[in-house]
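Here's the structure, in structure tokens; my notes come after.
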Amino acid sequence: MNPYQPVPAELVEIIEESPTITTYRLSPEKPIPFATGQFVELCVPGVGEAPFTPSSSPLVKEEMEISIMHVGEVTNHLKEKTQVGDVLGVRGPYGEGYPLEEFKGKDVYIAGGGVGLAPLRSLIYALLADIDSYKNVRVKFGARNPEAIIYKDEVEKWLKGDELELQLTVDSAEDYPDWDGEEGVVTTIMEDPDADIESGVSVVCGPPIMMKFATLKLLDMGYDPDQIYLSMEKNMSCGVGKCGHCGIGPYYVCKHGPVMTYDKLEDYDEVFD
Amino acid sequence: MDQYKVTAGEINRLLKSQAEKSRLIIPIEEGEQVELKEFRENDNPSLIVDSFRPYDPLKTFLMSPFEEVATFPEKMSEIEAPNLTLFGFKACSTNHIRLLDEIMLDDEWPDVFYRKRRENLFIISCDCVEVRDTCFCTEVGLKPYPTTGNFDLNISHLNDQFIITVGSEEGHRALAEASLNLQEISDEIRENLQEQRQEITERVKNQNDDYGIDEKIHEPVRENRDAGVFAEKAEDCVECGGCNLVCSSCYCFYLADREVGEEAFRRFRVWDSCQYNAYARVAGDETPRPMLMQRIRHRIAHKFDYLKESFDYYGCVGCGRCISACPADIDIRELLQGVQK
């Protein structure tokens, strides 16, 4: 099979999540089943491609959702020029996702920031589908401001339910007098005396700067580097470990990641740059 | 590996036989360079067995600098990769194929274009008899004659004789098909060949003595990331990427799409260089290596630390093409020397 060949995928729904983040629901010509945490290359014909981890449940095979922050050429084109009914291209899935088998029976401690909730939503769906297999699932999520919190309906549902423990914070609520939750970056709500750190696992996904400080916080809390699962993001062109761009030390994020434990990365600089 | 003695005329016969069933590329001397060209019937190619390595890297024939790899929404048809015989590449070139194979032919997502060309490639390599001042294969653990396989036939020129070493089943078949007059070689010839190879190896070693490159160069490369030599060479580097493009071992590329009508495009695999500022850039214009010094260090670290860790050999075969190509006279040996300080 040609690894560079995208599969045509019809855009069936566009969901505005926040002023800067949109979810695109796609129906590929043939199903592209993925494991949670794996990524796909989403292609806007004639414009280019970019890597994204689907935000939808890995249990849904016929369709996938991809949540996108509009910051680059491909993503801005999606925002400005793409409509329901358009045909995009998808290829993948690529790389290593979250090792759910290894998570079983353990405390799962998740820290997310901003658009980082996209891959984490997929993970949360996967965990919820089999929630009795995990000890406790705790999610600490931070957004820039209340408006920037995505998946509001689901967040609401998770907050109300008792299957997982979700805590939210915003960097600043200055212009949002209705916000009665926590204020401060995500690391400020990451203390958790009840978390079983010794035999647990932690997961971090968010912008590079958030990942860096959340990782440092987790280390500080007592997690070992090999208990910290990072969802890495680098320039990924081929997606299949050949083109070289996503290299960190001897690893290619597209092939050995995107989910990688921190012990593999800690000796290399540029990890969070 | 089987070895036979043949005459110069037999080598010509072999090439003509190959030319009948495949495209045949041979080296020719062009001024101070060795260039490559298509074999024509009246050529007398055995005369240029003695040269040093050709200017172009062998990878050009396996993954071209600019190649169509997909079309959308209609899939492109499978590529044609006619049989190809490469004659005259040296051990540095055949050595680098193991790295390209490792990267391009992984089990999960092999590059089908590379695979097709690789399957249809026949390599007749030659021992080095001449040494360029840019050659340093001995400093990266290699030899100026084949040691790591990846050739079908290898030719060693020894006085007025030619020794053919068979490196593959296809090599045996080609010899049989060309009905060459193969003669057994004596122990004396074997010894003489060993001596000649030793001598040329010493020549490469001697001309690199001054650089004093450590046998375990990966250690200082890993440990001495703040070596001043990176910033020093960044002063001279013009970021042309030539070092990567002519490199035997570099394989980086990017995928570029060209719009061809509504929701349709052609996709090309284009060689890329880690020395370019945009190489590792992500959406939002961030890049992990904004400084040229960091990119030069990345090139060295990838070749001598990361690939060594992954595959236990260096991503450099000492062919010296990057030294020849650099308009700023940056010599990779000086970079390695500087890292050791």
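Protein chains get the first letters and strands the later ones, always in sequence-line order, with residue 1 at the start of each.
- Ranked by heavy-atom pairs under 4.5 Å with chain A, the list E78(B), E108(B), R289(B), R266(B) is led by R289(B).
- Taking the six-membered ring where the residue is Trp, H256(A) and Y251(A) present perpendicular rings, their angle passing 60° and hence far from 30°.
- Between chain A and the options P110(B), A264(B), C274(B), the largest number of non-hydrogen pairs under 4.5 Å is found for P110(B).
- Of the listed residues (M69(A), E29(A), R91(A), M236(A)), the one with the most heavy-atom contacts under 4.5 Å to chain B is R91(A).
- Looking only at atom types and distance, the side chain of E102(A) has a donor-acceptor partner in the side chain of Y229(A) under 3.5 Å away.
- No hydrogens or angles considered: nothing links the side chains of S55(A) and S122(A) as a donor-acceptor pair under 3.5 Å.
- Put simply, the side chain of R118(B) does not reach to within 4.5 Å of the side chain of L100(B), judged on heavy atoms.
- No part of I248(A) comes within reach of chain B, as not one of its non-hydrogen atoms sits under 4.5 angstrom from that chain.
- Heavy-atom pairs under 4.5 Å with chain A were tallied for F113(B), W271(B), F311(B); the largest tally goes to F113(B).
- A donor-acceptor contact closer than 3.5 angstrom is absent between the side chains of H245(A) and Y254(B).
- If you measure heavy-atom distances from F272(A) to chain B, you find no contacts under 4.5 Å at all.
- Of the residues listed (D272(B), D106(B), D101(B), D111(B)), the one engaging K242(A) in a salt bridge (charged side-chain N to carboxylate O under 4.0 Å, His left out) is D106(B), and it is the only one.
- Heavy atoms of L255(B) lying under 4.5 Å from chain A belong to its backbone as well as its side chain.
- Ring geometry for H302(B) versus Y251(B): interplanar angle over 60°, hence perpendicular rather than tilted (30 to 60°).
- In terms of modelled atom types and a separation under 3.5 Å, the side chain of S56(A) and the main chain of E65(A) share a donor-acceptor contact.
- Between chain B and the residues P208(A), P8(A), G249(A), G244(A), the largest count of heavy-atom pairs under 4.5 Å involves G249(A).
- Neither the backbone nor the side chain of V271(A) has a heavy atom closer than 4.5 Å to any heavy atom of chain B.
- Aromatic rings from Y306(B) and Y268(A) are positioned such that their centres are separated by under 6.0 Å.
- In terms of modelled atom types and a separation under 3.5 Å, the side chain of T75(A) and the main chain of V71(A) share a donor-acceptor contact.
- If you tally non-hydrogen atom pairs under 4.5 Å between each of H298(B), E262(B), E263(B), E259(B) and chain A, the highest count goes to E263(B).
- For the options T71(B), D285(B), V260(B), T287(B), heavy-atom pairs under 4.5 Å to chain A are most numerous at T71(B).
- Options G72(A), G247(A), G239(A), P250(A) differ in how many heavy-atom pairs under 4.5 Å they form with chain B, and the most are formed by P250(A).
- Between chain A and the options R222(B), R225(B), R115(B), heavy-atom pairs under 4.5 Å are most frequent for R225(B).
- Residue C43(A) touches chain B through its side chain alone, counting heavy-atom pairs closer than 4.5 Å.
- Proximity to chain B involves both the backbone and the side chain of D86(A), based on heavy atoms less than 4.5 angstrom apart.
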